[in-house]
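Letters go in sequence order (proteins before strands), and every chain restarts at 1. Remember, predicted model here, so these are calculated numbers, not experimental data.
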Amino acid sequence: MIDWLRKEFLFHRKVFYINYGMMIVYLIWFSSYSGSLNAYFSVAALMSGIMPVTFQAREDRFRLTALTALLPLSRDGVIRAKYATLWLLMGVGILFSLVVPFVSPLAKISPASLFSSGHPIAFLLLLNIATSFLFPFIIRFGWMGTMVFMVVIQLAGAVLFLISVLLRGQANPFRSVMRAMMGSIRYLMGHPITVSWVLLAAVAVFLLQYLSLKTSQFIYRRKDL
Amino acid sequence: MESVIELSKVTKQFRGFSLKGVDLSVPKGYIMGLIGPNGAGKTTLIKLITHMIRPTSGSIRVFGLDVPSREAEIKARIGVVTDTPIFPDDVPLATIGSALQPFYPKWDKALFGRLLEEFCLPPRQVMKKMSLGMKMKFALTIALSHDADLIIMDEPTAGLDPVFRLQFLDRLAVLIQNENKTVLFSSHITSDLERVADFITFINRGEIVFSASRDEIREGWGVLKTGRDEIQPREVPGMSGYRTTDYGIEILTSRIGEARRLAPATAVCEPVSLEEIMVLAGKGGNHD
């Protein structure tokens, strides 16, 4: 595993420095621009999720999938290593997101407020839901395939929105689904941090990532490279 | 003869192409050349051996080990040169070597350095600034640096200039002096294989047409040239393809001795090159 992480760092270190450099600068700017925790954590989650995807995009671009397939690793081992990279990169992103309000003198977000609500937990959960759902897609269809999938999702969203507008009325099903989703996110963000809540979130994150890992291994074992 | 690679009734089904019941054995300590026209199934076969793709049916064993279940163990002993580069474009060669080194228990750092020097590859160079020939040499450097027992190369000489090609082939000849090393080398440049290969496997339309030693091919295969109506191609033993020309008919046979005895007195029997075999037994010949 250490060998894999070392290889990933050596192959992608330029991107690593550039992306995280940009992320830190952007988070410093954003925390000085807006005092909204909701907005700050949304941006932080997005940026923390981008890094692992960037690595995968480079793998597709340089045909590194073929190199990976030729390394003396089992297919399950390759996926385990890819998830370890994902978790490490997300961890670095989360760490920067939490540290910036503490160290930046320009930050409008008070460090004390960071942990006074459920924002960090909600941020962690949303980030994990997104990556655990997306990663098996990336393993199966590669970076381009996933981009196509994302565009299709966006188009489907636009179509649903149009239908929703046409249906009008408070009781239409699309509006209800959207309200339920937004309500869940608000609930997560507003929930006070307690020991049981943190444990529950940790179990949820573990289960999500475990299921995602097993799904990806199942896909990769059967994939022609 | 001990086999390093054994394929038994291997099939692979794609849309529009299939590899049909391939049986193949690559003997230890020799260079096996894999020839065939474009789209014949050479790359598919190599991808199956390296487990980049999975067979639809059949079994593949490398070093006597089952490929899917002992994948990591097998790949530690294989060096692969692919037809297109598979390394990051913007990373120096020395860094690529350093990144791959821990994966191979028998990686020889000093040898890696020596090979870079021998092939005139600057360690600080990045792939995007290198010619195709240099990229191929680097791929070979990686394949040789971990003392692989089996080197598999897919069209490594395609796109190389003659000087590079000869240097490349000479390196293979040196490598094979060690009797524990085996090379499987696909190409449609038949002169390269005639120069270095001990065994030749000809694949066409997803089927192995023949797999034999170079001596067997030299002694057994030939072309029978005669007038159009003097003999029917089907009557020639070992007929593997034929073509009609303005002057008569040319029939490729794998049993030239027998064919010579049956042929009309006016017929001429000639030895055949790999290129002619590829043309007549492949897309350029008739087979019915």
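When all heavy atoms of R54(B) and R221(A) are compared, the pair lying nearest together is CD-O, 3.1 Å. Contact between D224(A) and K12(B) at its shortest, heavy atoms only, is OD2-NZ, 2.6 Å. Nearest approach of A72(B) to P72(A), heavy atoms of both residues: O-CB, 3.4 Å. What you find for R6(A) and A99(B) is that their closest heavy atoms are NH1-CA, 3.9 Å. For the pair H51(B) and R75(A), the tightest heavy-atom approach, listed with the atom from each and the gap, is O-NH2, 2.7 Å.
The most heavy-atom pairs under 4.5 Å with chain A, out of E71(B), K47(B), R70(B), come from E71(B). When each of R13(A), E8(A), K14(A), R222(A) is scored by its heavy-atom pairs under 4.5 Å with chain B, the top score falls to R222(A). The candidate from D90(B), T82(B), V91(B) with the greatest count of non-hydrogen atom pairs under 4.5 Å with chain A is D90(B).
Around atom CZ of F14(B), more than 12 heavy atoms belonging to other residues, nucleotides or ligands sit under 6.0 Å away. Surrounding OH of Y33(A) are at most 12 heavy atoms belonging to other residues, nucleotides or ligands under 6.0 Å away. For CZ of F168(B), the number of neighbouring non-hydrogen atoms (other residues, nucleotides, ligands) closer than 6.0 Å is greater than 12. No more than 12 heavy atoms of other residues, nucleotides or ligands shown are found within 6.0 angstrom of NZ on K9(B). Residue M181(A) qualifies as open at atom CE: its count of foreign heavy atoms under 6.0 Å is 12 or below. The neighbour count for K106(B) NZ, taken as heavy atoms of other residues, nucleotides or ligands under 6.0 Å away, is above 12. Counting heavy atoms of neighbouring residues, nucleotides and ligands inside a 6.0 Å radius, atom CZ of F218(A) does not exceed 12 of them. Under a cut-off of 6.0 angstrom, the local environment of CD in E118(B) is crowded, with over 12 non-hydrogen atoms contributed by other residues, nucleotides or ligands.
Among the candidates T65(A), L64(A), L67(A), the single residue satisfying the side-chain contact (heavy atoms from CB on, under 4.5 Å) test with I86(B) is L67(A).
Here the OG1-CZ distance, from T95(B) to F9(A), works out to 11.0 Å after rounding to the nearest 0.5 Å. How far OH of Y104(B) is from CG of D3(A): 11.5 Å, rounded to the nearest 0.5 Å.
Counting only distance, with no hydrogens or angles, the side chain of K75(B) and the backbone of A69(A) share a donor-acceptor pair below 3.5 Å.
Both the backbone and the side chain of S98(B) come within less than 4.5 Å of a heavy atom of chain A. Of the atoms belonging to I142(B), not a single heavy atom falls under 4.5 Å from chain A. The part of P85(B) that comes within reach of chain A is its backbone (N, CA, C, O), which places non-hydrogen atoms under 4.5 angstrom from that chain.
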- Query: Where do F11(A) and L100(B) land on the side chain to side chain contact (heavy atoms under 4.5 Å, CB included) test, with the steps shown first?
  - Reply: CA-CA 10 Å; F11(A) 277 7; L100(B) 299 180; 4.3 Å; yes
